[in-house]
2 protein chains.
Amino acid sequence: MKVETAKKVEDAAAWRKYSENVLPPLLQAALDSFVEHGYHGTTIRTVAARAKLSVPGLYHHYASKQALLVAIVQFAMTDLLVRSEDAVAEAGSSVEEQFRLLIECLALFHAHRSELAFIAASEIRSLEGESRTAHIKSRDKQQQMVDDIINQGMREGVFDAEHPKDTSRAIVTMCTGIAQWYRRDGELSPEELAVRYANIARMTLGVGPGSRRESVLTAPTPVLTDARGRPDRG
Amino acid sequence: MKVETAKKVEDAAAWRKYSENVLPPLLQAALDSFVEHGYHGTTIRTVAARAKLSVPGLYHHYASKQALLVAIVQFAMTDLLVRSEDAVAEAGSSVEEQFRLLIECLALFHAHRSELAFIAASEIRSLEGESRTAHIKSRDKQQQMVDDIINQGMREGVFDAEHPKDTSRAIVTMCTGIAQWYRRDGELSPEELAVRYANIARMTLGVGPGSRRESVLTAPTPVLTDARGRPDRG
DNA sequence: TAACTCCTACCGAGCGATCGCTCGGTAGGA
DNA sequence: TCCTACCGAGCGATCGCTCGGTAGGAGTTA
């Protein structure tokens, strides 16, 4: 019972924790190359060299260049969806809180995992066959989560928007857009940015930054963790 | 004098007018290919075939594949900047109106010229040398225009934002993001979308959709024009 | 314990296809 | 005689990918 409670508390905050080097070295090399030159602009030789492997050495691990992209994109979409569901679950039954945490989660992901999110968004057209279909489905599901919460908030009279569907898209777009410009060496930490974006998003729904502005995220909670998931600062 | 006034009135609304087929056929073929497969995913043979030209025929008009991209991107950034300046100029001295028209202009451009805007944003990394530098400079200038108006509005007490800089970036991102998802066959016309986005943007600055919601854009002003710049409907 | 058989984890060399681009033309109007 | 507007053929480079290996560790047998 005691253990279960502890576990539950830990799990509840799992969506906020981002460890570094989550990708195997070879996928990380591919990701870095894709970010720099795009999928078609990247050669298999570049990726292999970056991973300190020969070309056949690379093909021992992945069947094709396409397989590298698929693995990266699938990792990204699964990670985001799991985190999003955790965030909404943590919020309980309050739509306002569900919305706030979901937007924080979205912003947090696109700042912490900006390279991953950038490729997942920009290289959809380079995905072949059903990988592309599956990816688009995930994107739509992500958008739908925000739509649903906003619609629920509208019904409850908590939110006020002239065009909820457009507002929802605008909010999701501004969050996913973070991946395009966010730099780790910039002024804002992902956590600070996420709180600000959640507040901006709330404004579009007629809810001021108002109550509970001091989110748990701004408290001294350790957020960055090492490869084993343990805090490495804070 | 009379002529000059008429010209001035016409010019003042020029930023709202979008004619089709603004690009020479060859550049349009290149743009369509870049949108479908990306710059590196596009072969010069594909572009040539699309333009009903042989490969040497293509090279008669443009020196290289890179030159095609540069021409497209330069056209896009010049068009947007000129329109933005016209929009702000039309607004007169009211920051609130300057902001509203600038956001409408931004949204309008990214909906009407979504392919152009999409490539200009996503293929920056494929630009070589000073073309890339020049393009980034233009992007920054565009962002700066919004920053400046928001800052002015803050000083005048018209706008209220906790973090004006972040709000500004969020607004610009959500507008440029239109190019990623907008479809001409969707539910909203570019003009309807632009009005909605301007209102959403105003909300983030603590200004309700409020006054003057019926913008000139929703009035029966003809907006689409033919290749010669004349209205073709309305 | 030495020899043998697997297995994983690679690599040097290179294949066929395709890439961006060019050479040396032609056709037709001024 | 130019010039513009093209094109068939093809060059050298590079692409994604593969062939036929080797190195070394684990497990099995004599």
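The sequence lines fix the lettering, A, B, ..., with proteins before strands; numbering per chain opens at 1. All figures in this text were calculated on a predicted structure; none of them were measured in a lab.
Without hydrogens or angle criteria, Gln66(B) side chain to Ser126(B) main chain gives a donor-acceptor distance under 3.5 Å. Under a 3.5 Å cut-off, the side chain of Arg50(B) and the backbone N or O of Ala30(B) do not form any donor-acceptor pair. Remark: the backbone N or O of Ser131(B) is not paired with any side-chain donor or acceptor of His135(B) at under 3.5 angstrom.
Of all non-hydrogen atoms in Tyr62(A) and Ala67(A), the two that sit nearest each other are CD2-O, 4.3 Å.
A search for ring-ring contact (aromatic ring centres under 6.0 Å, His included) contacts involving Phe109(A) returns nothing, not counting sequence neighbours.
The side chain of His60(B) has dT4(D) as its nearest neighbour among dT8(C), dT22(C), dT4(D).
In this structure, Arg169(A) is not positioned above the aromatic face of Tyr197(B) in the sense of NZ or CZ being under 6.0 Å from the six-membered ring centre and within 45° of the axis.
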Represent DNA chain C in dot-bracket notation, 5' to 3'. Only Watson-Crick or G-U wobble pairs with both distances under 3.5 Å count; pseudoknot-style crossings use [ ] and interstrand partners use |. ||||||||||||||||||||||||||||||
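Comparing Ser64(B) and Leu58(A) along DNA chain C, the residue whose closest nucleotide (by nearest heavy atom) sits nearer the 5' end is Leu58(A).
Between the CD1 atom of Ile44(B) and the C1' atom of dC19(C) there is a distance of 10 Å, given to the nearest Å. Distance NE2 (His37(A)) to P (dC15(D)): 11 Å, rounded to an integer number of Å.
Contacts of Thr46(A) with the nucleic acid, taken as non-hydrogen atoms under 4.0 Å apart, are absent.
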